[in-house]
Amino acid sequence: RVFAQSDPQEAVFNDVAPLLTSLLDGYNVCIMAYGQTGSGKTHTMLGGHASFDNNDWIDIELPHAQEDNYKIVKCFQIDLGMSGVTGSALRETRHINRSLSALADVLGALAENRTHVPYRNSKLTQMLQDSIGGDAKLLVFLCVSPMKRHLTESMQCLGFGSRARQIQRGAVKQR
């Protein structure tokens with residue numbers, strides 16, 4: 001589904017609600033917003049008045065549906081990178097881009113049902129392994145800018161989404 005900038009937050013929530021129900025039922029779930037800086041990832045994930053205070057995830061403890069254990073849920077916000085930066089910001093951008101390249105490699109391996117999935121190639125993919133691999137449910141929001149000057153980044157984002165969409169797995173198992 002495509003959301004417009006004017007769509008209310010409730011419309012996004014209505015599309016995500018079935019995954020949240022799955023989460024409460026004991027399934028591993030990852031909801032990811034992916035796109036370039038300024039494309040609306042934070043607004044998509046949290047609405048117009050929320051802030052992470054410079055953290056990249058929120059941990060939520062939920063009682064597991066089948067046991068008395070607690071499950072940690074991580075809601076990640078991933079930034080495609082920064083453009084027109086220099087110095088330490090440029091070094092940070094290179095690290096971000098390497099992590100995103102590793103994430104694309106993992107999604108490619110999952111889509112092709114390879115026996116080896118390269119989760120260990122970055123800290124990001126190591127951290128996301130339980131959330132995107134195996135029998136987890138994954139939802140990716142692609143956030144693209146309507147501005148012509150962001151066409152290259154938007155096309156990269158859509159390519160990432162195309163790779164993620166190719167992942168086909170069998171029945172998802174409840175945890």
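- Atom CZ of Arg98 has more than 12 neighbouring heavy atoms from other residues, nucleotides or ligands inside a 6.0 Å radius.
- One distance of note links CG of Leu158 with CD of Gln156; it measures 10.5 Å at 0.5 Å rounding.
- For the pairing with Val106, the side chain to side chain contact (heavy atoms under 4.5 Å, CB included) check across Leu128, Ile132, Leu124, Asn121 returns one residue only, Ile132.
- To the nearest 0.5 Å, atoms CG (Asp25) and OG1 (Thr21) are separated by 6.5 Å.
- Between Asp15 and Leu139 the shortest side-chain heavy-atom distance does not fall below 4.5 Å.
- Ring geometry for Phe141 against Phe3 counts as tilted: the plane angle lies between 30° and 60°, on a 0 to 90° scale.
- Under a hydrophobic clustering in which Ile, Leu, Val, Met, Phe, Trp and Tyr are joined whenever their side-chain heavy atoms come within less than 4.5 Å, directly or via other members, Met147 and Tyr34 fall into different clusters.
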Derivation of the side chain to side chain contact (heavy atoms under 4.5 Å, CB included) call for Leu110 and Val117: CA-CA 7 Å; Leu110 290 170; Val117 180; 4.0 Å; yes

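- Contact annotation: the side chain of Val144 never approaches that of His150 to less than 4.5 Å [non-hydrogen atoms, C-beta and beyond].
- Each of Ser162, Ser154, Cys157 was scored for a side chain to side chain contact (heavy atoms under 4.5 Å, CB included) with Leu142, with one residue passing: Cys157.
- Here the straight-line distance linking atom CE of Met32 with atom SG of Cys30 works out to 4.0 Å at 0.5 Å rounding.
- Taking CZ of Phe13 as the start and CG of Leu20 as the end, the distance is 5.5 Å to the nearest 0.5 Å.
- Here Tyr119 contributes atom OH and Leu103 contributes atom CG; the two are 10.0 Å apart, rounded to the nearest 0.5 Å.
- For Thr125, the side chain to side chain donor-acceptor pair (under 3.5 Å) partners are Ser122, not counting sequence neighbours.
- For Glu112, the side chain to side chain donor-acceptor pair (under 3.5 Å) partners are Arg114, not counting sequence neighbours.
- The two residues Ala11 and Arg1 come nearest to each other via the heavy atoms O-NH1, 3.9 Å.
- A pairwise comparison of heavy atoms in Arg120 and Gln126 identifies O-NE2, 3.3 Å as the closest pair.
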